[in-house]
Amino acid sequence: MAHILVIDDEREICRLIEKTLGRDGHTVTAKNSAVGLDAADLKQYDLLILDVMMPGIDGFSFCYQIRGAVDCPILFLTAKAMEQDIVEGFAMGADDYIKKPFGIAELRARVEAHLRREVREHHQTLAIPPFYFDLSARVVQIRISDTTYEEILLTRSEYQICEYLARNRGQVFSLERILEAALGYDSESDVSAIRMHIRNIRGKFARYSAYAACPISTVWGVGYKWQ
């Protein structure tokens, strides 16, 4: 199921969409403004639903700002129904345009259709702010300002351990399980290598302690987890 972001300044509409799409098994996050959001905040979502007429920054402007970095479907939800408005919405990078007032069945059908047809080549990411994984490039970055990200230089094995723990955030894994899952059953390493890798990872994350604590914690007698 998909993770969907709805941005609409009408709280009742947000609640309605949350309830409706939630029944279809989707995880829905609702916000009443796009102010303060940037592309990095949005990479965790599979589909965006944006109202056009919002205070602070309107849906058209926000879509134009983020479209170059966000490759999921974007649906506009608005009372503006003139042809020129629709043309402008598509020009800003929208995938579809749902007019208010809308029917629940129409909303569900359009969302499902776009999720099925989504064939863009995604920049696969995993976001656990302030850490961001580029799963294709196998890179971890940390956000050090509103617009600046810095790569944390990890070895192949260090990256694999971090990705495995981050994908299963909050779960505790033994050294043996981490060895098997992150490095493979045929790895020539043993659990002492996992301890060494995690020590090295912590040393590299420590360089960014001004921005975030190391997310890998020890659960004594059990193993490690990504907090």
Side-chain angles (χ1 to χ4, degrees), residues 1-5 25-29 36-48 66 68-72 115 118-227:
M1 293 292 99
H3 190 181
I4 298 170
L5 175 65
H26 301 302
T27 299
V28 181
T29 298
L37 296 175
D38 61 24
D41 299 315
L42 304 176
K43 289 183 178 181
Q44 61 184 300
Y45 300 106
D46 301 301
L47 183 142
L48 307 184
I66 65 170
V70 173
D71 53 10
C72 71
L115 291 174
E118 179 53 24
V119 293
R120 291 185 181 89
E121 185 177 345
H122 286 280
H123 300 291
Q124 292 181 301
T125 60
L126 172 63
I128 308 178
F131 302 105
Y132 296 87
F133 288 74
D134 184 325
L135 302 178
S136 299
R138 302 175 71 82
V139 166
V140 181
Q141 293 182 315
I142 183 170
R143 184 175 184 172
I144 60 177
S145 74
D146 288 343
T147 58
T148 305
Y149 299 80
E150 189 166 321
E151 180 182 347
I152 300 175
L153 299 176
L154 301 172
T155 67
R156 178 176 178 275
S157 295
E158 290 166 359
Y159 172 84
Q160 289 175 172
I161 291 169
C162 285
E163 182 184 318
Y164 177 67
L165 293 177
R167 281 181 180 273
N168 298 280
R169 182 183 183 187
Q171 297 184 50
V172 182
F173 295 99
S174 67
L175 291 167
E176 291 80 7
R177 182 66 182 125
I178 296 171
L179 175 66
E180 293 174 356
L183 305 187
Y185 290 99
D186 57 350
S187 172
E188 296 180 1
S189 300
D190 58 24
V191 294
S192 63
I194 298 299
R195 292 192 184 95
M196 179 190 68
H197 286 315
I198 289 179
R199 183 167 62 248
N200 291 339
I201 291 168
R202 285 172 167 167
K204 294 177 179 182
F205 275 71
R207 300 170 191 169
Y208 302 93
S209 58
Y211 309 104
C214 179
I216 298 178
S217 64
T218 300
V219 179
W220 296 107
V222 183
Y224 299 97
K225 70 175 180 178
W226 188 287
Q227 300 184 94

For Y149 and Y132, take the angle between the two ring planes, folded into 0 to 90°, and tell me which bin it lands in: parallel under 30, tilted 30 to 60, perpendicular over 60.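 Y149 vs Y132 ring planes: perpendicular.
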Side-chain donor/acceptor of R143 to backbone N/O of F131, under 3.5 Å: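 A pair under 3.5 Å: no.
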Does H3 offer a backbone N or O that forms a donor-acceptor pair with the side chain of D46 under 3.5 Å?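 Yes; at least one donor-acceptor contact below 3.5 Å.
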Separation of [Y] [atom2] from [X] [atom1] (nearest 0.5 Å):
{"X": "R167", "Y": "I128", "atom1": "CZ", "atom2": "CD1", "answer": "10.0 Å"}
{"X": "I161", "Y": "I194", "atom1": "CD1", "atom2": "CD1", "answer": "4.0 Å"}
{"X": "Q171", "Y": "L165", "atom1": "CD", "atom2": "CG", "answer": "10.0 Å"}
{"X": "L135", "Y": "Y159", "atom1": "CG", "atom2": "OH", "answer": "4.5 Å"}
{"X": "E150", "Y": "I144", "atom1": "CD", "atom2": "CD1", "answer": "4.5 Å"}
{"X": "H197", "Y": "R199", "atom1": "NE2", "atom2": "CZ", "answer": "10.5 Å"}

side-chain hydrogen bond (donor to acceptor under 3.5 Å, both in side chains), paired with Q160, selected from E158, R156, E163: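 Exactly one pass, corresponding to R156.
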List the steps and the verdict of side-chain contact (heavy atoms from CB on, under 4.5 Å) for R207 and I142. CA-CA 11 Å; R207 300 170 191 169; I142 183 170; over 6 Å; no
With heavy-atom distances below 4.5 Å as the criterion, would you say the side chains of [X] and [Y] are in contact?
{"X": "Q44", "Y": "T29", "result": "no"}
{"X": "T218", "Y": "R202", "result": "yes"}
{"X": "L37", "Y": "I66", "result": "no"}
{"X": "W226", "Y": "Y164", "result": "no"}
{"X": "C162", "Y": "I201", "result": "yes"}
{"X": "L175", "Y": "S192", "result": "no"}
{"X": "D134", "Y": "Q141", "result": "no"}

With side-chain contact (heavy atoms from CB on, under 4.5 Å) as the test, would you mind laying out the steps for N168 and R177 before giving the verdict? CA-CA 12 Å; N168 298 280; R177 182 66 182 125; over 6 Å; no
If you look at every heavy atom in S217 and Q227, which pair is closest and at what distance?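 The pair with the smallest heavy-atom distance is OG-CG, 3.4 Å.
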